[in-house]
Amino acid sequence: MQFAIDNDSGETISGWIITDNPQETPELRVSVPGAPDVLFRANVYRKDLHDMGLHSTGLSGFFVDKGLVPSLSEASDIQISEASTGICVYRRFHPDHHLPRKVLFLSASLVPQPQLQRTASRNFAVRHPLVDRYSLETINSLLSYSFSSSIYISGRVNWLRFAHAVETNDFFVCALLSEPFYDFSERLLFFKALNSSSSSPFASPYVTRYEELIVAFRDVDLENNRAILSCLRNLTSDQIRLLKSPMTTMLGTMPDEFVQRRNVSVALDNLAQLNAVGTSDRFSDFAALVDGLLQREIFGSAALSEIKGASQLSVRLKDIGLVADLLDEDIALYAFASEALEAALPSVE
């Protein structure tokens, strides 16, 4: 999905949106607290978008006024979303509640951190946690978003693909690195939890890409190291790609590149360009650093939630050589980053 906001005069809001199906006339939802949501289809012909071949009919622009939303000029909190996906394309900035900064929080962890995301998101007008559930076009639209000055985006974002958009639009970028064996244990437990869920594990786009891995670990006894090893030995090359060193993959490889040891130095160079970097075992230091740099309690007293049994499983995974092979690059990246933080933190505190 691609979109942009052209104007919010208080009396009107205008912009455009193109869904993943460029032949479709987009439908939007306007939400104002205390009032029923308003649904409407794109109501402005955009010749420019049609001429560029971005939309087949050009009916992709929208114009919101008091005729559509009577309280438009008085509403301090108004949100416009794409109706079918719920993706927010615009939300009004409120100076008393929102931080006028654009923040990208990079994390390769697969397990959602709902309390952490809620704590951080509430400081911003436009909020998109777990952005890796979106299409590449949608992510690019968010990172290229110039109309709002208050944006929070988090998730696994390939740095080499999107670095230019991030830097051009003046994002504050922070990255949290997870201890590799612990992160791997969380992934396996997450797959097992999805398999045991009463609903379809593939209903959410957040986990769709991991379908083959979720199925592969369905019947694996995670209390048995031999069972884990046997499963790992039978993984396909595509499944291995999804598991192998996710942090180095995110920070140091091109989108279609298979991660290798040489990518660790690339990832370290990229980390050095970011505004703040931390590790999961020193999350409170990372939170204090980010809060201090932004002069706002973004993470505050939030803590990382843990999946039951992850710590014990991570200890046993260290005895499986194939797991260490899969995490080789991330083990090196985490070690180098931890050493750098140990040296730097005394001067920060």
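Just so it is clear, the model here is predicted, and its values are computed rather than measured.
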Output yes when a side-chain donor or acceptor of [X] lies under 3.5 Å from a complementary backbone atom of [Y], and no otherwise.
| X | Y | answer |
| --- | --- | --- |
| Ser154 | Leu130 | yes |
| Asp8 | Ile13 | no |
| Ser150 | Leu99 | yes |
| Gln239 | Glu212 | yes |
| Arg161 | Pro255 | no |
| Arg127 | Gln117 | no |
| Ser245 | Asp330 | yes |
| His128 | Tyr152 | no |
| Ser185 | Tyr182 | yes |
| Asn123 | Ala120 | yes |

Nearest heavy-atom pair of [X] and [Y]: which atoms, and what distance?
| X | Y | value |
| --- | --- | --- |
| Glu186 | Ala310 | CG-CB, 4.1 Å |
| Val157 | Leu143 | CG1-CD1, 4.1 Å |
| Ile17 | Met1 | CD1-SD, 3.6 Å |
| Arg29 | Ala83 | NH2-O, 4.3 Å |
| Cys88 | Phe3 | O-CZ, 4.3 Å |
| Ile18 | Ser60 | CG1-CB, 4.2 Å |

>> Let me confirm one number: the CG-CD1 distance from Leu142 to Ile153, rounded to the nearest 0.5 Å.
In response: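 The distance works out to 4.5 Å.
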>> To the closest 0.5 Å, what do you measure between CZ (Phe184) and CG (Leu313)?
In response: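 The CG atom of Leu313 is 9.0 Å from CZ of Phe184, to the nearest 0.5 Å.
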> Are the aromatic ring centres of Phe286 and Phe299 under 6.0 angstrom apart?
Replying inline: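 Ring centres of Phe299 and Phe286 closer than 6.0 Å.
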Tell me whether [X] shares a hydrophobic cluster with [Y], the cluster being built from Ile, Leu, Val, Met, Phe, Trp, Tyr side chains joined at under 4.5 Å.
| X | Y | result |
| --- | --- | --- |
| Tyr334 | Val259 | no |
| Tyr134 | Leu104 | yes |
| Leu189 | Leu229 | yes |
| Val166 | Ile151 | yes |

Between [Y] and [X], is there a side-chain donor-acceptor contact under 3.5 Å, judged purely by atom types and distance?
| X | Y | answer |
| --- | --- | --- |
| Asp238 | Thr236 | no |
| Glu179 | Ser314 | no |
| Thr248 | Glu329 | no |
| Glu27 | Thr25 | no |
| Glu257 | Asn263 | yes |
| Asp65 | Thr12 | no |

> Is the Tyr210 ring parallel, tilted or perpendicular to the Phe191 ring (thresholds 30°, 60°)?
Replying inline: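 Tilted, since the angle between the ring planes falls between 30° and 60°.
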> For the residue pair Phe93 and His98, does the interplanar ring angle fall in the parallel (under 30°), tilted (30 to 60°) or perpendicular (over 60°) class?
Replying inline: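 Rings of Phe93 and His98: tilted, 30 to 60°.
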> Mind checking whether Asn43 and Phe62 have side chains closer than 4.5 Å, heavy atoms only?
Replying inline: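 In contact.
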> Do Val111 and Ile307 have side-chain heavy atoms sitting under 4.5 Å apart?
Replying inline: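 They are in side-chain contact.
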> Counting only heavy atoms not in Asp51, do more than 12 sit closer than 6.0 Å to its CG atom?
Replying inline: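 Result for CG/Asp51: enclosed.
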> Above 12 or not: heavy atoms from other molecules or residues under 6.0 Å from NE2 of His164?
Replying inline: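 Count not over threshold, so no.
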>> Using a strict threshold of under 4.0 Å (side-chain N to carboxylate O), is an ion pair present between Arg91 and Asp77?
In response: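 Salt bridge: yes.
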